Amino acid sequence: MGPLVPEIISNEFNLVIAFIVGIGFGFILEQAGFSSTKKLVGLFYGYDFTVLKVFFTAGVTALIGVLLLAHLDLLDMELIYINPTFLWSALLGGAIMGAGFIIGGFCPGTSVCAAAIGKIDAFAFIFGSIFGIFIFIEGYPLFEKIYKMENRGAVRIDEYFSISPEFFAFLLTLIAIGAFIAVTQIENKVNNKKVAFSRVSLMKHLASGTIPFLFIAVMVFTPDRQEYIQHQIAEARQQKKCTFKEIAADKLAYELINNHYKINLIDVRNPASFKKFHIPLAINIPLDQMMNREWKAYFVQKHKINVFYADQDTTAKKACLLARFIGKSENYVLRESTAQFRDLVFNIEPPATAASKKEFNTYKFRSQAAMDLLNMENALKKFSQPVKKKVREIVGGCS
Amino acid sequence: MKTKSFMNPYMAGLILGLVLLSTIYITGRGLGASGAVKSVVVATVKTTAPQHYEDSRFYQEYDKTHPESPLRSWLVFEVLGVIAGAFLSGLISDRVAFKLEKGPGIRNRVRIIAAMTGGMLFGFGSQLGRGCTSGAALSGMAVMSFGGILTMMVIFGSAYGLAYFARKLWLKG
């Protein structure tokens, strides 16, 4: 699941990736004509709207792509870098950049492209931007206050306006297409160009305009992967088709004592109940957190078996079923509830003197098991802590 | 030789969007440009004026968040790629040449001064605004960053607002 850095691709190799995507970025900017300053500023005088067309198309494409990948559970939206919002610096910085754009005729990325193909004015622009950045850095104590004012954090626009991400994508696409139609007309008027759309070309434009909406519709009208899994579970439960492999308390105690390294004992209750009492050696993964990325390793493995338990039989079974859908591992449910296990093993009363030999044996086994388990938990404290997969912050933006 | 015409803007936008999408999928971050220039500035100061580097607030904050050498940054490598990619594209389309591009009504010297001034403003603004058209506006739009989209609107709004006053730089007399 994305992003691939730093889990699947190392931070070292990431620099190679940077170079490769840089090539793609530079190539396409140059092909689009962004190495020409006259083409860039054409947007502001109405004779060439290439910048707007390229920019908006790229933004809409990437946004819908991001949402689609998230919808399919291939990309974790919580992990990608969202530029933080500092209200005043965004407004003021943006205004100054706008002035730089209209006076200098480039922005930093395009100036690099233009310089790469030998534009002398682009070299001047880069030289200027080095100087501008130097001024900011040296004068930082002066600007620091406004730089850090009105910090809103890494807020997303859909969160800010409390709309769904899909709705924002829909709006943005609508605005983009509206803008494309409008600017093309302005362009033709300014350049005194008469264009009559042929039927075929009109159909082509119409068809390509509907594609983004189709993708958005797919996201709105189909359940995402998590919803899909929940739905599958509900259905399986309703039809009572699922069979569970159960494990009895005594068997579990025996296995834990003798083969603890083969078992993940998973307590799916909430952390508070877990803290109050749990079966020794268990780890706590609350049911509602099972789909979180950090636990994934537990549900995709072939060397250990997972044993789930909870206060109610249904909760444990639900967890077991969920594990079956999100991963690939051998899953068992403890037949007893937490309280039953505790009473059976930890609160066991010595049998009456007239009891059978079997009862005495059971008592002996369980009271010994209780002691062993507690000792083991102590001894294995370090090892039985859940191995939480570290979820690393991703750096990004222009830092 | 006649230079080849530019790519259809929508096609270019689509490909650029896919490049950006792959970047986000692989690395979890977007594209950028101005940050690389900053890295160069910081690295230069670090090597030429180490004492000053130790004393200034900004460099110290930068050092704390960037434990490795300033040039060992993602954006520096990305911009090296941009240079290579743009050059390659220029070669393919016969556009590589030393050339000064300017509006019809101005002298070369004016264009150079304007480009430098514009660069200075853009460089300064990109630091204040935490990113330029690539890092804040384009990448911000793709991940729906409120700040990024706001910055984008202000950049273009401000440029439109000032376009009238800068018209002599770009349009015929």
Side-chain angles (χ1 to χ4, degrees), chain A residues 2-5 15 18-19 21-24 26-28 30-33 44 50 53-54 57-59 61-62 65 80-83 85 90 93-98 100-104 107-109 113 116-118 120-121 124-125 128-129 132-133 136-137 140 155-157 160 394 396 398, chain B residues 6-7 9 12-13 16-17 19-21 23 25-29 32-35 58 74 77-78 81-83 85-87 89-90 96 98 100 112 115-116 118-125 127-129 131-135 140-142 144-148 151 154-155 158-159 162-163 166:
Chain A
L4 305 183
V5 175
L15 296 179
F19 185 72
V21 295
I23 293 177
F27 187 89
I28 207 68
E30 209 289 325
Q31 279 295 309
F44 303 113
T50 306
K53 292 174 188 166
V54 175
T57 313
T61 306
I80 58 180
Y81 178 83
I82 312 283
N83 316 50
T85 304
I96 296 172
M97 282 190 265
F101 204 162
I102 197 71
I103 296 170
C107 60
C113 286
I117 63 158
I120 296 160
D121 45 331
F125 186 92
S129 58
I133 291 173
F136 179 82
I137 292 176
Y140 183 58
V155 61
R156 291 205 321 241
I157 197 159
Y160 193 86
I394 286 180
C398 290
Chain B
F6 297 113
M7 192 185 271
L16 179 58
V19 170
L20 178 57
L21 177 62
T23 311
Y25 176 68
I26 297 171
T27 70
R29 57 173 298 158
S34 55
F58 183 89
W74 197 88
F77 280 79
E78 184 233 55
V82 169
I83 295 170
F87 184 72
S89 158
V96 181
F98 278 110
L100 184 75
I112 292 287
M116 271 204 276
M120 198 181 77
L121 289 168
F122 219 125
F124 182 87
Q127 291 316 297
L128 188 58
C132 58
T133 10
S134 320
M141 180 156 59
M144 297 185 290
S145 155
F146 180 67
T151 310
V154 180
I155 293 176
S158 149
L162 297 170

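Since this is a predicted model, take the numbers as computed values, not measurements. Side chains are part of it too, since the values below use all heavy atoms of this structure and drop only hydrogens, waters and symmetry mates. Naming convention: chains lettered A, B, ... in sequence-line order (proteins, then strands); numbering from 1 in each chain.
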For this session: Check A/Ile117 against B/Gly90 and note the closest heavy-atom contact, atom names and distance.
Result: CG2-CA, 3.7 Å
For this session: Specify which of B/Leu128, B/Thr23, B/Ile83 makes the most heavy-atom pairs with chain A at under 4.5 Å.
Result: B/Leu128
Seminar exercise, completed: Here the pair of heavy atoms bringing A/Ala32 nearest to B/Ala12 is CB-CB, 3.7 Å
Exercise. Relative to chain B, which segment of A/Tyr160 carries a heavy atom at a distance below 4.5 Å: side chain, backbone, both, or neither?
Worked result: side chain
Problem set entry | Rounded distance (nearest 0.5 Å) linking atom CD1 of B/Ile112 with atom CG of A/Asp121 | 6.5 Å
Problem set entry | Rounded distance (nearest 0.5 Å) linking atom SG of B/Cys132 with atom CE of A/Met97 | 7.0 Å
Problem set entry | Reported OG1-to-CZ distance for the pair A/Thr85 and B/Phe146, which is rounded to 0.5 angstrom | 6.5 Å
Exercise. Counting N and O atoms only, with roles assigned by atom type, does the side chain of B/Ser145 sit under 3.5 Å from a partner on the main chain of A/Asn83, one being a donor and the other an acceptor?
Worked result: yes
Exercise. Going by heavy atoms in the side chains, are B/Phe87 and A/Ile23 under 4.5 Å from each other?
Worked result: no
Exercise. Contact part of A/Tyr140 toward chain B, heavy-atom cut-off under 4.5 Å: side chain, backbone, both or neither?
Worked result: side chain
For this session: Would you indicate whether the side-chain heavy atoms of B/Phe6 and A/Thr50 approach each other to under 4.5 Å?
Result: no
Exercise. Within the side chain of B/Ser158, is there an N or O that forms a donor-acceptor pair under 3.5 Å with the backbone of A/Ala95?
Worked result: yes
For this session: Could you check if a side-chain atom of B/Leu16 sits within less than 4.5 angstrom of a side-chain atom of A/Val54, using non-hydrogen atoms only?
Result: yes
Problem set entry | Separation between CD1 of A/Ile103 and CG of B/Leu121, rounded to the nearest 0.5 Å | 5.5 Å
Problem set entry | B/Gly17 versus A/Ala62, closest heavy-atom pair with distance | O-CB, 3.7 Å
Problem set entry | Which of B/Ile26, B/Leu20, B/Val19 touches chain A most, by non-hydrogen pairs under 4.5 Å | B/Ile26
Problem set entry | Expected output: side-chain A/Ser129 to main-chain B/Gly119 donor-acceptor under 3.5 Å | no
Exercise. How about A/Cys107 and B/Phe122: do any of their side-chain heavy atoms sit closer than 4.5 Å?
Worked result: yes
For this session: May I ask you to test the A/Ile28-B/Met7 pair for a side-chain heavy-atom distance under 4.5 Å?
Result: yes
Exercise. Distance from B/Thr133 atom OG1 to A/Phe101 atom CZ, nearest 0.5 Å?
Worked result: 6.0 Å
Exercise. If you round to the nearest 0.5 Å, how far is CD1 of A/Ile96 from CD of B/Gln127?
Worked result: 11.5 Å
Seminar exercise, completed: Closest non-hydrogen contact found for A/Ala90 with B/Thr151 is CB-OG1, 3.6 Å
For this session: Compute the centroid of each ring, for A/Phe136 and then for B/Phe124, and state whether the two points are separated by less than 6.0 Å.
Result: yes
Exercise. Heavy-atom distance under 4.5 Å between the side chains of A/Cys113 and B/Val82, does that happen here?
Worked result: yes
